[in-house]
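Step one of this worksheet: look at the structure below.
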Amino acid sequence: MPEIIRTVADIRALTKTWRLQCLKVGLVATMGALHKGHLSLINHATSECDKVIVSIFVNPKQFSAREDLETYPRNEEQDLTALETFGVSIAYAPPVKEIYGEDFATRIEVGHLTECMCGITRPGFFSGVATVVAKLLNQCEPDRAYFGEKDYQQLLVIRQLVKDLNIPSEIVGCPIIRDENGLALSSRNTYLNDQQRQVAAALFRTLQEAASNLVEGADCREVEKWAANTLKIAGFDDVEYVDIRDGLTLEKTNDINGSKKSARIFGAATLNSTRLIDNVPVEVNAKF
Ligand code: AMP
């Protein structure tokens, strides 16, 4: 079983000894309920670093009052067994009071990139993410930290945060891992029954089809409308957004053949109160 560390002092002491030995340290930050998406991040980390820390912390600051903080899947024992199979030696699983003391009073806001998509539909979410990620990076001081492109907007926000605050960790983005139907793996998928999983797979299929329509010259705004409508017909209860944006700046894209050619199509939709997000690149000969 991996060693479990619960305090900031202990994780600092450990990483200090690693740094003295000039070992390269990787961090994979998770909220637990580990699946193959997390595993792929861990694989990237273990292939590039001498030591890998996997943090397991369900961050209350990124949940709004109407979200699923209480019911979010938690199973530390299963996660530790999974980490053992993945060959990870250190799990950093601090309790909430270790991360947010009673007098905790700081909140990090990253501007611009958070002013669209999940930044609008989940007020406070990115501030909660930025605050906890800054803390985890300060506590673990990794050379590299690995984040999934599944949460693409979050990945860009974290890159911006690290740049702006001069945090000396390299942020590495890792590709999205999907199930056999294309559904992006997520801890929240455990909320879905078999029939809902079939509907959920329409999110990826629709974004993929939208991307190929764009490559064939369809109008961006028309494609967004078409995709949102297609998701409703497929059985989603609510479509929060379907947005075609630049993959670096998140500015709305009007012309996918524009100079940067880094357009992505993003979608967020709910199915029986389970919120799912996904994104695909818009590119000629794209392999999904
Ligand atoms: P979470 O536990 O959901 O906070 O996710 C922890 C990290 O795993 C984040 O960087 C996510 O983007 C990443 N992740 C979650 N699901 C996937 C997936 N299906 N493919 C790749 N990365 C993922």
Side-chain angles (χ1 to χ4, degrees), residues 26-48 52-63 67-69 71-76 78-80 82-83 86 88 91-94 96 99 113 117-118 122 125-137 140 142 144-162 169-192 197 200-201 203-204 207-208 247 264 266-268 274-281 288:
L27 171 69
V28 177
T30 81
M31 297 209 297
L34 300 179
H35 51 68
K36 286 182 180 155
H38 298 117
L39 168 61
S40 84
L41 268 54
I42 293 169
N43 280 341
H44 275 87
T46 46
S47 70
E48 295 177 354
V52 173
I53 302 167
V54 175
S55 64
I56 298 175
F57 180 68
V58 181
N59 174 32
K61 294 216 182 285
Q62 68 189 70
F63 288 76
E67 291 182 334
D68 55 345
L69 174 62
T71 54
Y72 193 84
R74 293 168 173 87
N75 191 334
E76 189 176 280
Q78 242 174 43
D79 286 344
L80 293 175
L83 290 181
F86 301 167
V88 170
Y92 178 40
V96 172
I99 298 293
L113 291 167
M117 300 194 289
C118 295
R122 300 185 75 185
F125 170 71
F126 284 121
S127 159
V129 168
T131 305
V132 83
V133 170
K135 284 174 70 72
L136 290 170
L137 293 173
C140 302
R144 289 186 178 163
Y146 297 79
F147 293 89
E149 287 185 350
K150 161 157 183 298
D151 303 281
Y152 194 92
Q153 187 175 12
Q154 169 178 290
L155 170 64
L156 293 188
V157 168
I158 292 167
R159 283 195 203 285
Q160 183 79 44
L161 161 86
V162 160
S169 301
E170 183 189 341
I171 302 302
V172 183
C174 302
I176 304 174
I177 305 300
R178 303 176 178 283
D179 74 7
E180 60 285 0
N181 293 321
L183 173 63
L185 298 188
S186 162
S187 304
R188 287 192 169 98
N189 291 357
T190 55
Y191 299 149
L192 303 173
R197 272 176 184 261
L203 179 55
F204 174 56
L207 296 186
Q208 226 181 344
R264 281 187 101 87
F266 299 87
T274 301
R275 188 176 180 279
L276 301 169
I277 59 170
D278 203 345
N279 67 90
V280 302
F288 298 107

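Read the numbers this way: they start at 1 and go in the same order the structure lists the ligands and their atoms.
- The structure places CD of E48 at 3.5 Å from OH of Y146, a figure rounded to the nearest 0.5 Å.
- Classification of R275 and E67 as a salt-bridged pair fails, no side-chain N sitting under 4.0 Å from a carboxylate O.
- Listed by atom number, the atoms of ligand 1 under 4.0 Å from F147 heavy atoms are 10 (O).
- The distance from the CG atom of L113 to the CZ atom of F126 is 9.0 Å, given to the nearest 0.5 Å.
- Annotation: atom 20 (N) of ligand 1 to nearest protein heavy atom, I177 N, 2.9 Å.
- From F63, atom CZ reaches atom CE of M31 across 4.0 Å, with rounding to the nearest 0.5 Å.
- In terms of N/O distances under 3.5 Å, ligand 1 is approached by D151.
- Against a heavy-atom cut-off of under 4.0 Å, L185 is close to the following atoms of ligand 1: 16 (N), 17 (C), 18 (C), 19 (N).
- Closest heavy-atom contact between A184 and N189: O-ND2, 3.1 Å.
- For ligand 1, the atoms sitting less than 4.0 Å from at least one non-hydrogen atom of I176 are 20 (N), 21 (C), numbered in the order shown with element in parentheses.
- Atom CD1 of I56 sits about 4.5 Å away from atom CG of D79, to the nearest 0.5 Å.
- Rounded to the nearest 0.5 Å, atoms OG1 (T131) and CD1 (I99) are 12.0 Å apart.
- Shown in contact with A29 at under 4.0 Å from a heavy atom are these atoms of ligand 1, numbered in order with element: 6 (C), 7 (C).
- Contacts between H38 and ligand 1 below 4.0 angstrom, taking non-hydrogen atoms only, involve the side chain exclusively.
- Within the set S186, G148, S187, G173, the minimum heavy-atom distance to atom 10 (O) of ligand 1 is found for G148.
- Contact atoms of ligand 1 toward T30: 2 (O), 6 (C) (distance under 4.0 Å to a heavy atom of the residue).
- At a 4.0 Å cut-off, at least one heavy atom of P175 sits close enough to ligand 1 to count as contact.
- What sits closest to atom 15 (C) of ligand 1 on the protein, heavy atoms only, is H35 CE1, 3.9 Å.
- Counting the atoms of ligand 1 from 1 in the order shown, those under 4.0 Å from a heavy atom of L41 are 7 (C), 8 (O), 10 (O), 13 (C), 22 (N).
- Annotation for I177 and K36: closest pair CG1-O, 4.0 Å, computed over non-hydrogen atoms.
- Below 3.5 Å of separation, one finds no N or O of A184 facing any N or O of ligand 1.
- Judged as a side chain to side chain donor-acceptor pair (under 3.5 Å), and not counting sequence neighbours, E149 has no contacts.
- In summary, the atoms of ligand 1 found under 4.0 Å from a heavy atom of M31, numbered by their order in the structure, are 1 (P), 2 (O), 4 (O).
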